[in-house]
K.L.:
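The structure under discussion is supplied below as structure tokens; questions concerning it will follow.
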Protein chains: 2
Amino acid sequence: MKRNSRLSSILHILVHIAEKPEQALTSEQLATFVHTNPVVVRRTIAGLRDAGIVTSSRGHGGGWQLGRAPKDISLAEISAALGETLLPFSTEPESPGCLVEQAVIAVLDDFRIAAERLLAEKLSHITLADLTADFRRRYDLIGVSSHAV
Amino acid sequence: MKRNSRLSSILHILVHIAEKPEQALTSEQLATFVHTNPVVVRRTIAGLRDAGIVTSSRGHGGGWQLGRAPKDISLAEISAALGETLLPFSTEPESPGCLVEQAVIAVLDDFRIAAERLLAEKLSHITLADLTADFRRRYDLIGVSSHAV
DNA sequence: GTTTCATGTAACTTAATTAGTTACGATAAA
DNA sequence: TTTATCGTAACTAATTAAGTTACATGAAAC
């Protein structure tokens with residue numbers, strides 16, 4: 001899993017989980033989908049469990065399943081559960097007392113807050129169900145197995 | 001200069017330049033504002049020169065000045081000149097042939113394009129002049145020197 | 001109950017990225 | 001001619017995140 005592809009990878013994983021609702025998929029299986037290893041998957045996906053987006057079960061036959069229906073899981077929630085901002089520019093003061101910096105940070109923070117609200121609003125209208133629907137459209141068209149390579 | 005504070009640092013620098021329109025500020029002076037060193041400043045600011053946002057002059061008395069009036073320099077241009085996207089999540093395919101990944105990337109790319117347009121639009125309405133005005137408001141209120149620490 | 005198969009998580013290693021630094025050539029004013 | 005400045009290449013250091021190893025915990029299968 002490359003840097004900065006966490007959101008993409010997680011969605012990839014979630015759609016695969018959504019496509020096998022009757023069985024729990026193991027971290028190992030999920031790891032092969034995104035070319036990484038099981039521990040990284042568990043670590044990355046842990047936040048989603050805390051948010052109720054997925055559930056995990058231990059022991060024989062255990063693994064990962066969705067915590068609720070795909071249509072009730074929005075990309076906004078997923079993104080939030082990952083705990084990263086979509087706009088990762090820093091506005092930490094580095095020269096406390098510099099009025100120029102204070103002005104810059106004030107303007108930038110206003111922008112960030114407005115932008116984050118906007119992005120979250122857009123993401124809240126896209127659900128996992130939209131992704132699985134898009135996948136199935138492709139699948140019906142081409143008709144090959146759900147995962148090659 | 002910390003990671004992810006490039007935009008903020010550049011704006012800090014630009015406002016300082018804007019506040020001394022009659023003189024060129026050296027990389028060394030600018031570096032002290034953002035607690036870094038002259039070479040990093042030159043490197044970071046090089047893209048802005050290519051975009052005509054600042055000009056540089058060599059030799060004795062040389063340094064950096066604005067390429068045009070603050071009111072004609074928008075944050076959208078500055079951000080673009082830095083050559084970084086504001087939404088740095090990757091949508092590079094890692095499993096070509098996986099229809100699930102293709103669906104994820106398609107949806108994510110649509111979102112990214114729309115989001116970037118939106119953010120650029122918002123940033124195009126904020127200019128360096130807005131930042132200097134905000135600074136002056138603070139300055140008039142508190143009345144201390146433009147740069148402490 | 002013992003074995004097997006999973007997750008949970010801590011601790012460590014490796015890889016990638018970016019800032020910081022040194023060095024020196026080019027340029028322009030004093 | 002000296003001094004001050006940028007331009008840039010090459011290297012080093014710091015930081016971050018992914019990858020890995022190891023092992024404890026929990027649950028099903030036999």
Side-chain angles (χ1 to χ4, degrees), chain A residues 1-10 12-13 17 20 22-67 81-85 88-90 92 94-95, chain B residues 1-10 12-13 17 20 22-67 82-85 88-90 92 94:
Chain A
M1 195 195 302
K2 279 189 314 196
R3 255 168 157 78
N4 288 340
S5 65
R6 285 185 66 196
L7 179 57
S8 170
S9 293
I10 286 284
H12 186 169
I13 282 172
I17 295 175
K20 298 281 187 196
E22 76 286 352
Q23 64 174 281
L25 298 186
T26 68
S27 304
E28 190 137 17
Q29 292 174 302
L30 300 178
T32 66
F33 292 143
V34 294
H35 299 114
T36 182
N37 77 38
V39 177
V40 173
V41 167
R42 290 200 281 268
R43 199 153 59 195
T44 310
I45 217 174
L48 302 192
R49 183 186 48 226
D50 300 341
I53 294 168
V54 294
T55 61
S56 64
S57 52
R58 293 174 155 188
H60 195 110
W64 301 87
Q65 290 179 288
L66 293 187
L82 285 178
E84 299 171 332
T85 173
F89 58 83
S90 163
E92 287 290 300
E94 298 181 333
S95 304
Chain B
M1 195 197 298
K2 279 190 313 195
R3 256 167 158 77
N4 288 339
S5 66
R6 286 185 64 196
L7 180 57
S8 170
S9 293
I10 286 284
H12 187 169
I13 283 173
I17 295 176
K20 297 281 188 197
E22 76 286 353
Q23 66 175 281
L25 298 186
T26 69
S27 303
E28 190 137 19
Q29 292 174 300
L30 300 179
T32 65
F33 292 144
V34 294
H35 301 111
T36 182
N37 78 39
V39 177
V40 173
V41 168
R42 291 200 281 268
R43 198 152 63 193
T44 308
I45 217 173
L48 302 192
R49 182 185 49 225
D50 300 339
I53 294 168
V54 295
T55 61
S56 63
S57 52
R58 292 173 156 189
H60 195 113
W64 301 86
Q65 289 179 289
L66 293 187
L82 285 177
E84 299 171 333
T85 172
F89 58 83
S90 164
E92 287 290 299
E94 298 182 333

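Letters A, B, ... are given to chains in the order of the sequence lines, protein chains preceding strands, and every chain is numbered from 1. In what follows, every heavy atom counts, from backbone to side chain, and hydrogens, waters and symmetry copies are set aside.
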K.L.:
Kindly give the heavy-atom pair with the smallest separation between B:T36 and B:M1, and that separation in Å.
P.N.:
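Closest approach of B:T36 to B:M1: CB-N, 3.9 Å.
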K.L.:
Where do A:T26 and A:W64 come nearest, in terms of heavy atoms and distance?
P.N.:
C-CD1, 4.2 Å
K.L.:
For B:H60 and C:dT27, what is the distance between atoms NE2 and C1' respectively, to the nearest whole Å?
P.N.:
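My rounded result for the distance is 14 Å.
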K.L.:
So, do B:H12 and A:S95 sit near enough that their side-chain heavy atoms are less than 4.5 Å apart?
P.N.:
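Yes - at least one pair of side-chain heavy atoms lies under 4.5 Å apart.
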K.L.:
Hey, is the side chain of B:R49 poking within less than 4.0 Å of OP1 or OP2 on D:dG7, counting only N and O atoms?
P.N.:
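Yes, within the criterion.
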K.L.:
How many whole angstroms separate atom CD of A:Q23 from atom P of D:dA28?
P.N.:
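Atom-to-atom, A:Q23 to D:dA28, this comes out as 17 Å.
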K.L.:
Whole angstroms only, please: what is the CH2-P distance between B:W64 and C:dA28?
P.N.:
15 Å
K.L.:
What is the separation between atom CE on A:M1 and atom C1' on C:dA16, rounded to the nearest whole Å?
P.N.:
16 Å
K.L.:
Consider the side chain of B:V39, meaning its heavy atoms from C-beta on, and name the nucleotide among D:dG19, D:dA9, D:dC6 that approaches it most closely.
P.N.:
D:dA9
K.L.:
Measure from CZ on B:R58 to P on D:dC6 and round the result to the nearest Å.
P.N.:
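Computing the B:R58:CZ to D:dC6:P distance gives 10 Å.
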K.L.:
Take A:E28 and B:N4, find for each the nucleotide of DNA chain C with the closest heavy atom, and name the residue whose nucleotide sits nearer the 5' end.
P.N.:
A:E28
K.L.:
Mind calculating the distance between NE2 (B:H35) and P (D:dA14) to the nearest angstrom?
P.N.:
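One finds 19 Å between P of D:dA14 and NE2 of B:H35, rounded.
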K.L.:
Might you point out which heavy atoms bring A:I53 and A:A81 nearest each other, and give the distance in Å?
P.N.:
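The pair with the smallest heavy-atom distance is CD1-CB, 4.0 Å.
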K.L.:
Is any side-chain N or O of A:T36 closer than 4.0 Å to OP1 or OP2 of D:dG19?
P.N.:
yes
K.L.:
Give the minimum heavy-atom separation between A:Q65 and A:A24, together with the two atoms involved.
P.N.:
CG-CA, 3.7 Å
K.L.:
Contact class for B:G59 (heavy atom, under 4.0 Å): base, sugar-phosphate, or nothing?
P.N.:
base
K.L.:
In whole Å, what is the span from the CD1 atom of A:I45 to the P atom of C:dT9?
P.N.:
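That distance rounds to 14 Å.
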K.L.:
Hey, is the side chain of A:T26 poking within less than 4.0 Å of OP1 or OP2 on C:dA6, counting only N and O atoms?
P.N.:
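Checking C:dA6 against A:T26, no side-chain N or O comes under 4.0 Å of OP1 or OP2.
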K.L.:
Roughly, in whole Å, what's the span from CD1 in A:I10 to P in D:dA18?
P.N.:
10 Å
K.L.:
Would you say D:dC6 has OP1 or OP2 under 4.0 Å from some side-chain N or O of B:R42?
P.N.:
yes
K.L.:
So which one's nearest nucleotide on DNA chain D is more toward 5', A:E84 or B:R43?
P.N.:
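Upstream on the strand: B:R43.
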K.L.:
With a 4.0 Å limit, can you tell me whether B:S56 has a side-chain N or O closer than that to the phosphate oxygens OP1/OP2 of D:dG7?
P.N.:
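For D:dG7, OP1 or OP2 has a side-chain N or O of B:S56 closer than 4.0 Å.
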K.L.:
For A:R3 and A:L25, take the nucleotide of DNA chain C holding the closest heavy atom to each; which residue's nucleotide lies nearer the 5' end?
P.N.:
A:L25
K.L.:
Can a side chain N or O of B:N37 be found less than 4.0 Å away from OP1 or OP2 on C:dG20?
P.N.:
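So the side-chain polar atoms of B:N37 never come under 4.0 Å of the phosphate oxygens OP1 or OP2 of C:dG20.
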